[in-house]
Amino acid sequence: MSLSLATLAAAAGNAPIHFNDLGLSPNLFTIGSFALRWYSLAYLAGILLAYWHTSKAVKAPGAPLAQRHVDDLFFYCTLGVILGGRLGYATFYTGGETGIPSLWAHPGELVKLWHGGMSFHGGLIGVTIAIAWVCWRNKLSFLRVTDYIAVAVPFGMLFGRMANFVNGELWGRVAGPDVPWAIIFPGAGDLPRHPSQLYEALLEGLLLAIILIPLFWKTRARWRPGLLAGLFTMGIGLGRFVVEFFREPDEQLQEFARQTGLSMGQWLTIPLIVIGLFFVVRALIRPELNSTARAPQ
């Protein structure tokens, strides 16, 4: 996966980079008909790192949940990501004027996850429902639990968007000559484009992790219910809204973006920004919780 000398020389000369010259493959290795894909590993790495961090976080004083709750959460949240992501794609990105038959009308196609088609916003809704279910069943504080989960989510966002780049998918808009890192992606024509997958990895993954993890461990943010979850929700909404200016809209929704002035992704992130801001303000104007509270067993 290393860059060739020719590629580096082209970049230094401000010539566009050809994706095929990067030596990237969507598969880590292939044995017969079996292929281990980087995208699958990205999902797995994100889930395992989030599980590790949350398991470590609940050992800190005053945690609102115990390890057995963490185990339940990650089982149901994994289902929420997969089911919510697929159903969200069927709802937001197929049917209507998209030119793609609605997956809701074709249940057989809906379950074929290997054909691709996942919605971040649908996955977020699925995870929220999963957290609410575990909290309701165990009589846990929904806001405090989401604070602990939100800190760990950027790991998955970082790895997932990097995997999108390795796959050469979800590329950006055509870039001008002042973007020396622009890339010519296979299937995207002959013009260099923004590597918007990497922009998303930096904003929605790395930057949010740099902000949220120190806030959790080095400040008293976790004693203000909803603060960390609100910052995550607002941050990921703002990050996605900005990146959408550089990301090529889905082919079936390009006309929608032209008519409304914003892409579908941007319209869907506006509620996230508003909701996140509400919970940040709410958390800051309310008093901190008692830090001597005992954790559930």
Asks: Checking D147 side chain against A229 main chain: does a donor-acceptor pair fall under 3.5 Å?
Replies: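 Looks like yes, one N/O pair under 3.5 Å.
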Asks: How about N138 and R68: do any of their side-chain heavy atoms sit closer than 4.5 Å?
Replies: yes
Asks: To the nearest 0.5 Å, what is the distance between CG (L198) and CD1 (I183)?
Replies: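 Taking CG in L198 and CD1 in I183, the distance rounds to 6.5 Å.
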Asks: I'd like to check Y43 versus V81 (side-chain heavy atoms, cut-off strictly below 4.5 Å). Are they in contact?
Replies: yes
Asks: Measure centre to centre between the rings of F19 and F165, then say whether the value is under 6.0 Å.
Replies: yes
Asks: Are more than 12 heavy atoms, taken from residues, nucleotides or ligands other than M234, located less than 6.0 Å from that residue's CE atom?
Replies: yes
Asks: Can you tell me how far the CG atom of L65 sits from the SG atom of C135, to the nearest 0.5 Å?
Replies: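 Rounded to the nearest 0.5 Å, the CG-SG separation comes out at 8.0 Å.
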Asks: With no hydrogens and no angle check, is any side-chain donor or acceptor of H69 less than 3.5 Å from a backbone partner on A66?
Replies: yes
Asks: Could you walk me through whether I213 and V151 satisfy the side chain to side chain contact (heavy atoms under 4.5 Å, CB included) test, starting with their C-alpha distance in whole Å, then the side-chain angles of each, then the deciding distance to 0.1 Å, before giving a yes or no?
Replies: CA-CA 6 Å; I213 292 176; V151 176; 3.8 Å; yes
Asks: Would you say F75 and I131 are hydrophobically clustered, going by side-chain heavy atoms of ILVMFWY under 4.5 Å?
Replies: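 Same hydrophobic cluster.
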Asks: Let me see the working for I184 and I17 under side chain to side chain contact (heavy atoms under 4.5 Å, CB included), right down to the final yes or no.
Replies: CA-CA 6 Å; I184 297 177; I17 302 169; over 6 Å; no
Asks: For M264 and L268, what are the C-alpha separation, side-chain angles and deciding distance, and is it a side chain to side chain contact (heavy atoms under 4.5 Å, CB included)?
Replies: CA-CA 6 Å; M264 175 64 79; L268 293 175; 3.9 Å; yes
Asks: Using salt bridge (Lys or Arg N to Asp or Glu O under 4.0 Å), reason through R137 and D72 one step at a time and then give a plain yes or no.
Replies: CA-CA 11 Å; R137 193 175 67 169; D72 285 347; 3.2 Å; yes
Asks: Mind checking whether L48 and L79 sit in one hydrophobic cluster, side chains of I, L, V, M, F, W, Y counted as touching below 4.5 Å?
Replies: no
Asks: Quick check: does any side chain N or O of Q266 sit under 3.5 Å from a backbone N or O of S263, one acting as donor and the other as acceptor?
Replies: yes
Asks: Indicate yes or no: at least one non-hydrogen side-chain atom of F159 is less than 4.5 angstrom from one of L49.
Replies: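 They are in side-chain contact.
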Asks: Report the distance from atom OG1 of T219 to atom CG of L215, rounding to the nearest 0.5 Å.
Replies: 4.5 Å
Asks: Would L284 and I275 show up in the same hydrophobic cluster when neighbours are defined by side-chain heavy atoms closer than 4.5 Å?
Replies: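 Per the 4.5 Å side-chain linkage, L284 and I275 are not co-clustered.
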Asks: Look up atom CG in L206 and atom CZ in R161, then write down how far apart they are to the nearest 0.5 Å.
Replies: 15.0 Å
Asks: What's the shortest heavy-atom distance between F241 and I270, and which atoms?
Replies: CE1-CG1, 4.2 Å
Asks: To the closest 0.5 Å, what do you measure between CZ (R144) and CG (L140)?
Replies: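 Taking CZ in R144 and CG in L140, the distance rounds to 10.5 Å.
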Asks: Between K59 and S55, is there a donor-acceptor pair closer than 3.5 Å when you use the side chain of the first and the backbone of the second?
Replies: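 Yes, because the side chain of K59 sits within donor-acceptor range (under 3.5 Å) of the backbone of S55.
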Asks: Does W217 belong to the same Ile/Leu/Val/Met/Phe/Trp/Tyr cluster as V153, with side-chain heavy atoms less than 4.5 Å apart forming each link?
Replies: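 Shared cluster, yes.
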Asks: Using the ring-ring contact (aromatic ring centres under 6.0 Å, His included) definition, which of the options F245, Y199, F185 pairs with H194?
Replies: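 Single ring-ring contact (aromatic ring centres under 6.0 Å, His included) partner of H194 among F245, Y199, F185: Y199.
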Asks: As an exercise, state the distance from CD of E204 to CG of L202, rounded to the nearest 0.5 Å.
Replies: 10.5 Å
Asks: Donor-acceptor check, side chain of R173 to backbone of R247, threshold 3.5 angstrom: yes or no?
Replies: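 Yes; judged by distance alone, with no hydrogens or angles, the pair exists.
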Asks: Is there a chain of hydrophobic side chains (I, L, V, M, F, W, Y, each step under 4.5 Å between heavy atoms) that links V58 to Y51?
Replies: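 Both belong to a single hydrophobic cluster.
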Asks: Compare every heavy atom of T146 with every heavy atom of L143, then report the nearest pair and how far apart it is.
Replies: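 Closest approach of L143 to T146: O-OG1, 2.7 Å.
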Asks: Starting from the C-alpha separation in whole Å, work towards a yes-or-no answer on side chain to side chain contact (heavy atoms under 4.5 Å, CB included) for L227 and F279.
Replies: CA-CA 6 Å; L227 178 57; F279 280 106; over 6 Å; no
Asks: Going by heavy atoms in the side chains, are F232 and L212 under 4.5 Å from each other?
Replies: yes
Asks: Using every non-hydrogen atom in the two residues, find where L208 and P154 come nearest and quote the distance to one decimal.
Replies: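 Shortest heavy-atom contact: CB-CG, 3.8 Å.
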Asks: Counting only N and O atoms by type, is there a donor-acceptor contact under 3.5 Å from the side chain of T269 to the main-chain atoms of L272?
Replies: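 Checked: no pair found.
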Asks: With R222 as the cation and F216 as the aromatic partner, state whether NZ or CZ is under 6.0 Å from the six-membered ring centre and within 45° of the axis.
Replies: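 Yes, a cation-pi geometry.
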Asks: So which heavy atom on T260 is nearest to which on L262, and how close?
Replies: OG1-O, 2.7 Å
Asks: Work out which heavy atom in L170 is nearest to a heavy atom in Q197; give both atom names and the distance.
Replies: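 It is O-CG, 3.5 Å.
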Asks: Could you report the tightest heavy-atom contact between A257 and P249, atom names first, then the distance?
Replies: CB-CG, 4.3 Å
Asks: Please check this pair: side chain of R193 against backbone of W171, looking for a donor-acceptor N/O pair closer than 3.5 Å.
Replies: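 No; judged by distance alone, with no hydrogens or angles, the pair does not exist.
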